[in-house]
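Single-structure report; data block below.
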Amino acid sequence: MKYKIKKFFIQFKGFSKKKIEGIDSICRMPYLNKMDQFASELPIHKYKDQILQLICENPIVMITGEPGSGKTTQIPQYLLESSDLPRILKSSKLKIAITQPRRVAAIAMARRVSYERKCGLGKEVGYSIRFEDCTSSKTQIKYMTDGVLLREALQDNQLSRYSVVILDEAHERSLDTDILLGLLKQVVQLRKDFRLVVTSATLDIELFQNYLGNCPLIQIEGRQYEVEVLHSAVKSDLRVEFAVNAAIRIHLHEGLGDVLVFLTGSEECEKACRVCFDTLQKLVAKGKPVPSMMILPLYGAMPSEEQSKVFKPCPEDTRKVIFSTNIAETSLTINGIGFVIDCGYIKQKAYNPRTGLDALMVTPISKQQAKQRAGRAGRTQEGKCFRLYSESFFEEQMAESAVAEIKRVNLSSTILTLKALDIRDVINFGFIEPPDHEALLMAHKQLFLIGALDEDGSITELGRSLASLPLEPTYSRCLIASLIFKSYSEMLSLVAMLSTENIWQNVPKMDLENTENAKQAQLQFIDKSGDHVTYLKVFDSWRDNEYSEAWCYENFINARALRQARDIRGQLKTMIKNFRISGLPEEKLYNELMEKKALSSDSSIRLRLALCFGFYMNAARAVSYGQEGSYLSVSDGTMLHVDKQSSISILGKYPPWIIYTHLSGSTLSHGSLKVLSKIRSEWIEDLTPKLSQANLERLVGLQKQKRPREPSINEEKEAEDPAIKVNQARERYLKRKVKNDT
DNA sequence: GAGCACTGC
């Protein structure tokens with residue numbers, strides 16, 4: 001089988017510079033190499049003594065600085081060079097951790113600093129990210145993702161191996177940074193030999209400073225060039241067309257610099273590329289002199305090799321125009337951008353705790369994001385930003401900053417982590433911004449249902465095992481059940497596949513030929529029991545084809561997702577070996593089935609049996625009337641529909657009982673089942689009674705408990721800073737509210 | 001007839 005590989009960029013061949021008279025609009029801009037800047041020229045340099053003095057004298061220090069200030073690379077080095085700090089922290093050899101929200105940043109920063117200090121990477125300076133630990137016993141400056149530090153805290157909740165932790169990019173408010181903030185604030189109270197440094201962009205200074213007990217603050221100016229911002233309101237449903245027109249206007253009438261256009265999704269980016277090319281061709285047909293243009297889309301679901309094309313230089317008389325999603329907002333930095341076009345919208349996942357449904361919605365960006373996008377034009381020289389919305393839209397419709405992740409996601413995993421850190425009373429954990437109460441309740445309930453928490457909300461032995469695995473707790477639960485049903489090798493592959501991005505290669509819907517080809521390719525793997533065994537077949541086929549990249553292309557499989565699944569599987573495999581938990585409910589079912597000789601050697605059945613122990617709350621029964629593909633949820637009786645892309649839909653045979661691991665939809669009536677499999681009702685009948693047993697108030701500790709409470713490390717005698725007082729007042733109010741509601 | 005932003009362990 002051979003399929004056409006899709007083309008990701010369009011080269012528009014126009015007139016060369018010499019032939020166009022009167023147009024001064026070309027194109028490439030030379031850019032400075034920041035690697036060549038001397039450390040002493042960085043804006044942060046003149047603050048060195050002040051920073052060191054404040055860190056010596058204060059347990060918590062906050063430092064703000066715009067990009068280019070040098071805070072991420074220089075502060076750890078200053079600390080290492082200090083003669084006073086080791087004495088104050090009673091450590092002859094300081095160990096410093098610097099957290100980053102992203103893996104690439106952790107690696108890049110470690111590289112840079114090891115280069116500056118002329119030591120090999122992994123020696124004095126190293127990094128640690130998932131699947132890759134580049135440190136040694138000599139390492140004193142360790143760059144790491146915040147998730148890795150949180151995992152380390154599970155082993156040692158006072159992080160006693162570090163003298164200083166620097167939480168970098170705290171303004172991004174990633175879920176893990178938020179949790180670490182709360183945890184490290186407690187560590188500061190317990191360890192006199194510890195220092196916390198929090199760095200952030202200039203926004204939200206007040207929020208952080210209040211939260212951190214009005215700690216001292218140093219503000220460092222950045223190295224950003226001026227960006228002129230222009231507003232022009234357009235209809236938001238025509239943003240692609242207007243964005244393309246703006247890009248072409250820039251191309252014809254503005255000076256040096258590439259163009260970066262922010263749109264909301266991959267479809268929009270692909271469409272914009274085509275419309276842009278067509279429009280340029282029409283201009284040429286009318287006899288207009290149009291210079292050459294390199295047109296590129298950029299979004300996360302693209303193969304990485306294609307993504308990297310945006311960094312490659314193009315010919316001197318050609319202008320690069322990149323149509324991108326918000327991946328270029330923070331994750332990828334492209335040099336040489338002189339112009340930004342910002343549509344003002346973003347696609348965001350919204351989680352509804354009441355329905356448990358996730359949906360992607362196009363919403364206006366925040367003011368902070370709008371500034372971030374504009375700033376992308378001023379990294380190497382002065383730039384311009386064209387906003388496709390009015391100034392009043394910016395002022396009136398846009399929130400100051402984006403809704404923090406902790407307010408948007410399913411919190412099961414977070415709550416389990418906190419419980420495993422021996423924080424009993426998670427409702428009163430000092431969050432910088434508390435999550436919604438309902439989301440907290442639902443997370444507790446889910447953890448109770450899978451046996452991670454007992455009815456009083458205390459973590460169980462099983463819960464500690466689940467927390468130790470780097471997976472969603474429900475997936476961890478399936479993995480443990482698979483040990484009993486003797487299908488753990490298959491389950492390792494399955495949970496790894498379920499933990500990655502979409503395994504099917506994304507094909508733009510206008511590409512009809514390849515859409516059909518992709519469908520045919522998917523058919524080879526489909527299993528009649530549903531999507532889970534189908535996923536397993538994909539993984540096994542890939543393994544049988546020696547993990548070949550070409551095989552992925554030929555079969556329209558997302559190679560990056562499978563590579564990641566293989567890495568995750570490898571990591572889990574080494575962790576699961578020592579798991580021995582007794583007294584689990586699946587033992588009873590296993591023995592019953594064995595007695596009745598009802599458990600075949602068929603791994604498909606053993607796999608789906610184990611799946612039930614993590615997801616029985618997601619079982620659903622076919623409605624006996626009405627259309628095919630409609631199911632009633634066993635937990636709350638909502639109506640759900642099987643998605644057209646799922647294996648069961650493609651085969652067209654709808655079993656009486658199913659279980660799903662992924663559901664989406666914007667409204668309750670549109671709950672759409674994406675990944676589901678056939679089960680038998682006998683498999684879950686002993687489990688479902690638990691659905692009605694959860695007493696939410698007791699679970700979250702709002703009801704008087706029978707046994708005395710163990711003291712937790714986050715209990716403070718008397719709150720001193722206003723942020724905690726406000727939080728405590730809010731929690732007292734919520735407690736009263738819940739009591740009154742019932 | 002609607003839908004496939006972005007991270008991370």
Side-chain angles (χ1 to χ4, degrees), chain A residues 99-106 128-133 144-155 169 172-180 262-270 298-302 307 324-332 343 345-351 358-365 369 372 402-406 408-409 413-414 416-417 420 466-473 475-476 495-496 499-510 515 518 558 561 564 567-568 570-572 575 641 643-645 662 664-667 669-672 674-675:
Chain A
T99 69
Q100 295 291 322
R102 277 170 294 278
R103 295 160 57 95
V104 279
S128 183
I129 58 177
R130 190 183 192 181
F131 311 128
E132 214 183 324
D133 183 8
M144 61 213 296
T145 44
D146 39 25
V148 168
L149 188 62
L150 198 54
R151 285 273 139 195
E152 286 187 5
L154 282 175
Q155 307 294 321
E169 313 285 357
E172 286 195 25
R173 302 291 311 280
S174 88
L175 188 53
D176 289 338
T177 316
D178 269 14
I179 303 303
L180 282 171
F262 285 102
L263 295 169
T264 67
S266 56
E267 287 292 346
E268 282 186 11
C269 297
E270 297 282 352
L298 178 64
Y299 49 87
M302 277 164 66
Q307 280 181 10
S324 170
T325 62
N326 51 322
I327 192 171
E329 212 174 275
T330 49
S331 306
L332 299 180
C343 76
Y345 287 85
I346 187 176
K347 213 177 260 184
Q348 250 191 347
K349 200 178 211 172
Y351 173 70
D358 274 338
L360 279 171
M361 297 208 298
V362 175
T363 48
I365 57 172
Q369 282 173 300
Q372 172 76 19
V403 179
E405 196 181 1
I406 197 163
R408 300 196 326 251
V409 297
S413 182
T414 302
L416 186 60
T417 304
L466 300 181
S468 73
L469 294 169
L471 285 172
E472 285 296 315
Y475 294 153
S476 302
V495 295
S499 300
T500 65
E501 56 186 302
N502 186 9
I503 63 161
W504 310 110
Q505 183 61 58
N506 188 32
V507 181
K509 70 174 170 195
M510 356 288 293
T515 303
N558 178 353
Q564 204 194 346
D567 288 343
I568 294 172
Q571 187 190 23
L572 293 172
M575 302 178 91
H641 304 278
D643 188 81
K644 282 218 169 85
Q645 306 269 314
H662 188 226
S664 70
S666 48
T667 61
S669 59
H670 285 98
S672 170
K674 301 277 183 194
V675 183

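Numbers restart at 1 for each chain; the letters A, B, ... are given by sequence-line order, proteins then strands.
Atom CD of A:Gln100 is separated from atom P of B:dC9 by 12 Å (rounded to the nearest Å). Rounding to whole angstrom units, CE of residue A:Met361 and P of B:dC6 are separated by 17 Å. The distance between atom OH of A:Tyr475 and atom P of B:dC9, rounded to the nearest whole Å, is 17 Å. Residue A:Asp178 contributes atom CG, which lies 17 Å from atom P of B:dG8 at whole-angstrom precision. Between A:Leu154 atom CG and B:dG8 atom P there is a gap of 19 Å when expressed in whole angstrom units. Look at CG on A:Leu263: it is 16 Å from C1' on B:dC6, rounded to the nearest Å. Between A:Asn502 atom CG and B:dA5 atom P the separation is 10 Å, expressed in whole Å. Following rounding to the nearest Å, A:Ile179 (CD1) and B:dT7 (C1') show an atom-to-atom distance of 15 Å.
A close approach under 4.0 Å does not occur between any side-chain nitrogen or oxygen of A:Thr417 and OP1 or OP2 of B:dC9. Between B:dC9 and A:Thr145, a contact under 4.0 Å exists linking OP1 or OP2 to a side-chain N or O.
Considering only the side chain of A:Thr325, B:dC6 comes nearest among B:dC9, B:dC6, B:dC4. Candidate nucleotides B:dC4, B:dG1, B:dT7 were compared by shortest atom distance to the side chain of A:Glu267, and B:dC4 ranks first. Distances were taken from every side-chain heavy atom of A:Arg103 (C-beta onward) to each of B:dG1, B:dC9, B:dA5; the shortest belongs to B:dC9. With B:dT7, B:dG1, B:dC9 as the candidates, the nucleotide lying closest to the side chain of A:Arg130 is B:dC9. Closest to the side chain of A:Arg151, out of B:dA5, B:dC9, B:dC6, is B:dC9. If you check B:dG8, B:dC4, B:dC9 against the side chain of A:Val148, the one that comes closest is B:dC9. For A:Lys349, counting side-chain heavy atoms from C-beta on, the closest listed nucleotide (B:dC9, B:dT7, B:dA5) is B:dA5.
For A:Gln564, there are no side chain to side chain donor-acceptor pair (under 3.5 Å) partners, not counting sequence neighbours. Taking the side chain to side chain donor-acceptor pair (under 3.5 Å) definition, one finds that A:Glu268 meets it with A:Arg239, A:Thr264, sequence neighbours left out.
Between A:Gln645 and A:Gly147, the one whose closest nucleotide on DNA chain B sits nearer the 5' end is A:Gln645.
The residue A:Leu360 sits close to a base: some heavy atom pair falls under 4.0 Å.
Between A:Tyr299 atom OH and A:Asn326 atom CG the span is 14.5 Å, to the nearest 0.5 Å.
Nearest approach of A:Asn502 to A:Ala561, heavy atoms of both residues: O-CB, 3.8 Å.
The pair A:Arg102-A:Glu172 meets the salt-bridge criterion, since a charged nitrogen lies less than 4.0 angstrom from a carboxylate oxygen.
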